[in-house]
Amino acid sequence: MPAVEIRPNVYWIGVNDRTTDLFEGLWPITQEGVSYNTYLINDEKKAVVDLVKGLKTDEFFDHIAEIVPVPEIDYVIINHMEPDHTGVLRTFRKIAPKATILGSAKTKNLLASFYGITENVRAVEDGEMLSLGQKTLQFFSTPLIHWPETMMTYDTSEHILFSCDAFGGYGALRGAIFDDECTDLNFYQKEALRYYVNIVANFSKAVLRAIEKLTNVPVEIIAPSHGLIWRKNPQLIVDLYKKWAEYAGGPAEPEITLIYGSMYGNTETMMNAVARGISRVGIPLEIFDVARTHVSYILPALWSRAGVMVGAPTYEGKMFPLMAQVLEMAALKRIANKKVAYFGSYGWSGGALKNLSAIVEPVKWELVDSFEFVGKPTDEELRKGEEFGARFAELIKAGS
Ligand code: FEO
C-alpha cells in the first residue's frame, strides 16, 4: 500500500506483515497477519513516529521517500522499543545519521542494549512539547504498556494520539486503514481483544492509568502501531480497552469457557453432556479443544468470561499435559478470580483435579464443583454430567 495522508502533512507510512507466523515468536498470526503502523509528520522539521520490524525495509523507506528524502528526517520518535517497531533502526541511522532519536529516559538504555546506539539520542520528559514548525508534538509517559519505557506522542494541532501498542490489535490491513473504511470491524475488534490478552493484559492497571491520564486530552484520531486507525469513532477502541482492562480486577461476563482435552473420547463424551447442561440454562458458552487450539485463541475467552469449565483426563497421575499448559499460561497472564469446575476421566487413580488446584491457586480461581468418573462414562454418569453443567451455569448466571 502507498503512504496515506491521514491529516494535512501527517502520513501513515506503515507496512503489512502477512509472512510472520508467530508474533513475538509465540502468538499465531499466520491467518490474520499484522500491520506495523508508522507515521510521518512533514513540517519544517520532519518526524517519523515509530518504525517497523526488520522486514519490508525497502517498502518502508520508499514510503518515506514518496514524501521527503529519508536523510532529511530530523526526528525519529520511539514510543516503544520492542523490535516490531524498531527493527529497521540501525538501517535508518545509516541512511539518516542526522536524525535525533527521541524516547523516554528508559529508551536510552534499551537503545544501547538492543542496537548499540548511544549517539544523537535524547530523552524527553513527560508532557514535554516539541515544535516542528507549524505543528507541535507533546509526549506522554505511559509506562508498562507494555514495556517500562513506553510513551505516547500527541499531535496538538490535529489531535492525533500516536499510541503505539495501546489500542492496537492483530490483523493486517486490507487496503482500508481507517475504521470508517473498514467493512469488517468485528474482525479487528476480535483481533484487538486477542492481542490485548496475549500482549497487554498483564499490564491492565497501566492501561487504566494511561486512559485516566489522557482523559482531558482532546483526541480526534487514535493512531496505534498495529491495526486500524480510529478516526470515526476513536472512543470505541478506548472504551473496549478500558472494558478489557477492568476485567483484570473486577467481574467478567456471566458466560462460560469450556476447555477440554480427551485421549480416547471418554472425556469428550462427557463434555457434550456437560455442554448440554450449560446450554439448557441459556448462557453463552464457548468450547475449545486444547489439543487443537493454540492457547492464543483460548486466552481471550478465559479473560472475558467469569466461568471456566475444565474437562480433561488424568495423565500419569496429573492433569492432561496440554490442559496443564493452557492453565499455566492463563496463570502466567494473571487471568485471575475465575470460578472453575472440573470433570474428567481416569483409569486407575485420579490426580488431574489436585494438579488443577495447584496450578490455578496463585491466580485465585475458585473451584466450585468437580465430577470424576472411571473410563467410559455410563448413561447414569452422563445424566449426572448434564446436571453438573447446569448447576455450574446457574451459579455463573447468578453471578455468585
Ligand atoms: Fe508492538 Fe510491544 O510491540
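One-based numbering, in listed order, for ligands and for the atoms of each.
- Summarising the geometry of Tyr39 relative to Pro224, their closest heavy-atom pair is OH-O, 2.7 Å, with the distance given to 0.1 Å.
- Listing protein N, O or S atoms at distances below 2.8 Å from atom 2 (Fe) of ligand 1, with waters left out, gives His80 NE2, Glu82 OE1, His146 NE2, Asp165 OD2.
- Of all N/O/S atoms in His226, NE2 sits nearest atom 1 (Fe) of ligand 1.
- Cation-pi geometry between Arg90 and Tyr115 is not met: the NZ or CZ atom fails to fall both under 6.0 Å from the ring centre and inside 45° of the normal.
- Using a cutoff of 4.0 Å between basic side-chain nitrogens and carboxylate oxygens, Glu128 and Arg122 are scored as salt-bridged.
- Glu361 meets the salt bridge (charged side-chain N to carboxylate O under 4.0 Å, His left out) test with no other residue; sequence neighbours excluded.
- Pairs passing the ring pair (Phe, Tyr, Trp, His ring centres under 6.0 Å) check and including a residue from residues 67-105, sequence neighbours excluded, read Phe61-Phe92, His80-His85, His80-His146, His80-Trp147, His85-His226.
- Remark: Glu220 pairs with Arg7 by the salt bridge (charged side-chain N to carboxylate O under 4.0 Å, His left out) rule, at least two apart or across chains.
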